[in-house]
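Notes follow the structure.
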Amino acid sequence: MRQSHLFLPIRREPPKDETFANAQLLLRAGFADKLMAGVFSIFPAGLGVVRNIEGIVRDELQKTGAVELAMPSLQQPKIWEETGRWKTLPPEMFQFKDRADHPIGLAMTHEEVVFDIVRRNIQSFRDLPLKLYQFQTKFRDEPRPKSGLMRGREFLMKDLYSFHATREDLEEYYEEVSQAYDRIFKRCGLKAVRVEAPGGIFTKNPSHEFQVVAEGGEDEIALCKNCDFAKNAELLEKGIKKCPQCSATIVRHISSEVGNIFRFYDKYAKDMNGYVMGPQGENLPIFLASYGIGISRLMATIVEVFHDERGIMWPESVAPFLVHIVQLGDGEVVKKEAQKIYAALQEAGLEVLYDDREKSAGEKFMEADLVGIPWRVVVSAKTVAQGKVEVKKRSEDKAELMTIEELVKRLKK
RNA sequence: CGGGAUGUGGUGUAAUGGUAGCACGCGGCCUUCGGGAGGCCGUAGCCUGGGUUCGAAUCCCAGCAUCCCGACCA
């Protein structure tokens with residue numbers, strides 16, 4: 001991608017209203033734009049990150065046997081009334097009327113819809129287990145959207161729902177997804193810990209959330225300095241300072257909830273009359289569990305964790321591009337060489353952003369640091385004279401001169 | 001929903017109740033070209049509506065918007 005073609009509007013200064021690193025940097029670097037409180041556009045580079053995160057999530061969920069589908073955001077009260085949530089969800093659920101004066105709700109989650117789909121489309125325990133997920137925009141009329149992209153009224157979410165013939169099968173899959181989540185967050189470069197969640201309005205069964213220590217987060221977790229003890233600080237007994245497992249010091253950290261998983265067991269089967277035929281011809285309740293990952297919040301969390309005073313430092317796994325070619329000067333020789341390298345890297349199957357714009361060197365370097373692509377390759381009169389390019393990692397200070405062949409080799413691994 | 005703060009060109013900011021200014025950006029021309037380059041010319045603004053006043057960006061009221069703290073939070 002030539003930078004002159006990419007819509008990457010970079011701002012010199014952070015928007016005055018944004019105080020959180022994720023919002024300041026994503027808006028400054030041209031990854032996102034705010035329309036109103038808690039509602040953001042994702043620009044091309046940001047969408048590249050989103051797609052990469054989705055790719056990781058998709059990959060790991062497919063390994064568990066889950067399949068992707070797409071469900072509607074517009075929903076009618078009928079199914080929501082079966083669980084009573086049409087009345088209990090507002091004001092957080094957006095509800096309005098269509099032109100025929102029929103009430104409509106904007107989906108903030110999909111348990112009802114997905115359960116309805118499944119109960120109408122399977123008849124036998126042989127059709128179970130079934131694992132369905134989607135990536136979708138969710139709508140929640142939050143009392144206070146805040147912290148940049150961390151808590152929005154409209155946001156991207158991956159929601160997975162699993163259906164089982166038995167409680168044991170559900171438990172087993174619940175743990176399997178939990179491990180998939182561990183791998184997902186790890187692949188995104190994050191250290192997530194699974195903790196028990198404080199009770200929500202949707203289930204009384206213990207649910208779990210995945211928390212990442214990050215400055216812009218809205219939660220607080222207590223971590224043991226020594227062992228793997230981790231707990232949501234809300235659930236920590238007051239005044240506790242020593243780890244219950246090893247009596248080492250407990251430290252509280254601001255954290256971001258990037259995922260959560262819930263077991264509903266047969267609640268939905270009962271509420272929504274969802275049964276299948278069992279092996280003895282009996283009626284078996286369909287057991288349900290659900291699993292969410294806030295994709296846009298995950299992106300924001302990654303920025304909170306991976307940035308310095310100069311800008312973002314994307315982990316390679318989610319970076320919108322792997323390499324940033326920075327062409328200095330617009331002399332014909334340099335231009336030709338930069339284009340040659342651009343072509344060579346693309347040929348090698350690498351994601352490349354080529355800064356072909358006519359700007360001063362200093363400005364290009366500042367912007368490259370802000371945008372945060374993992375590898376920077378400088379092409380200038382100097383490098384051309386030596387028959388090499390200058391290669392530098394965003395996360396390191398030292399630069400290295402190498403040939404194009406060496407560069408490709410380095411990036412390929 | 002309670003509390004606090006703030007609304008001035010595209011962005012960031014100034015202006016005792018008395019001519020809206022600066023920087024960056026953007027457009028043009030020229031010189032530059034390895035860490036936000038320089039010169040010249042140009043471009044663009046007081047959140048909305050009331051009120052006070054000879055006169056309001058400035059004071060008052062209402063509304064709208066954004067942010068922060070809290071409450072809330074699949």
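Proteins get letters first, then strands, A, B, ... in listed order; numbering begins at 1 in each.
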Using a 4.0 Å heavy-atom cut-off across all strands, classify [X] as base, sugar-phosphate, or nothing.
X	value
A/Met36	sugar-phosphate
A/Glu209	nothing
A/Tyr291	nothing
A/Glu142	nothing
A/Val378	base

Of all the nucleotides listed ([options]), which has the minimum atom distance to the side chain of [X]?
X	options	answer
A/Pro143	B/G34, B/G35, B/A71	B/A71
A/Thr383	B/G34, B/G35, B/C68	B/G34
A/Arg12	B/G36, B/G35, B/C67	B/G36
A/Glu13	B/G36, B/C67, B/U11	B/U11
A/Ser360	B/A37, B/C73, B/G34	B/A37
A/Asp330	B/C33, B/G34, B/C69	B/C33
A/Ala37	B/C72, B/U66, B/G34	B/U66
A/Ser380	B/G34, B/C67, B/C69	B/G34

[atom1] of [X] versus [atom2] of [N]: gap in Å, rounded?
X	N	atom1	atom2	result
A/Leu27	B/U11	CG	C1'	13 Å
A/Arg153	B/C67	CZ	C1'	14 Å
A/Gln211	B/C73	CD	C1'	12 Å
A/Glu332	B/C33	CD	C1'	15 Å
A/Phe155	B/C73	CZ	P	15 Å
A/Arg151	B/C68	CZ	C1'	15 Å
A/Asp17	B/G12	CG	C1'	12 Å
A/Met93	B/C73	CE	P	17 Å

Determine the Euclidean distance between corresponding [atom1] atoms of [M] and [N]; express it in Å to zero decimal places.
N	M	atom1	result
B/U11	B/C64	P	23 Å
B/C46	B/A14	C1'	12 Å
B/G42	B/C24	C1'	16 Å
B/A57	B/G17	P	13 Å
B/U32	B/G39	P	15 Å
B/C29	B/C22	P	24 Å
B/A5	B/C40	C1'	42 Å
B/U43	B/G35	P	34 Å

A/Glu234 or A/Lys34: which one's nearest nucleotide on RNA chain B is closer to the 5' end?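 The residue mapped nearer the 5' terminus is A/Lys34.
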
Starting at the 5' end of RNA chain B and moving along, which residue's nearest nucleotide shows up first, A/Arg28 or A/Ser147?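 Nearest-nucleotide comparison on RNA chain B picks A/Arg28.
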
Distance-only side-chain donor-acceptor flag, A/Asn232 / A/Glu209, under 3.5 Å: yes

Donor on one side chain, acceptor on other, A/Asp266 and A/Tyr268, under 3.5 Å: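 On atom types as modelled, these side chains do not qualify, holding no pair under 3.5 Å.
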
Ignoring backbone atoms, establish whether [X] has a side-chain N or O less than 4.0 Å from OP1 or OP2 of [N].
X	N	result
A/Thr19	B/C68	yes
A/Arg144	B/G2	no
A/Lys16	B/U8	yes

If you take the centroid of each ring, where Trp contributes its six-membered ring, are A/Tyr181 and A/Phe210 closer together than 6.0 Å? yes

May I ask you to check whether A/Tyr173 and A/His164 place their ring centres under 6.0 Å from each other?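 Yes - the distance between ring centres of A/His164 and A/Tyr173 falls below the 6.0 Å cut-off.
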
With a 3.5 Å cut-off and sequence neighbours excluded, list the donor-acceptor pairs that the side chains of residues 320-335 of chain A form with protein atoms.
residue	atom	partner	partner atom	Å
A/His324	NE2	A/Gln3	OE1	2.8
A/Gln327	OE1	A/Tyr354	OH	2.3
A/Gln327	NE2	A/Gly329	O	3.4

Is there a donor on the side chain of A/Arg11 or the base of B/G36 sitting less than 3.5 Å from an acceptor on the other? no

Base B/G35 paired with A/Glu363 side chain (donor-acceptor, <3.5 Å): no

Pairing partner (Watson-Crick or G-U wobble, both distances under 3.5 angstrom) of [N]:
N	answer
B/C29	B/G39
B/G63	B/C47
B/U53	none
B/U58	none
B/G12	B/C22
B/G2	B/C69

Residue A/Glu215 excluded, over 12 heavy atoms near CD under 6.0 Å: no

Is A/Asn52 reaching over with its side chain to a backbone N or O of A/Ala319, donor-acceptor style, under 3.5 angstrom?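 Yes, the answer is positive, given that a donor and an acceptor are paired below the 3.5 Å cut-off.
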
Parallel, tilted or perpendicular: rings of A/Phe287 and A/Tyr265 (30°, 60°):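 The arrangement is perpendicular - the two ring planes meet at more than 60°.
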
Quick one: do A/Asp397 and A/Lys392 make a salt bridge, cutoff under 4.0 Å? no

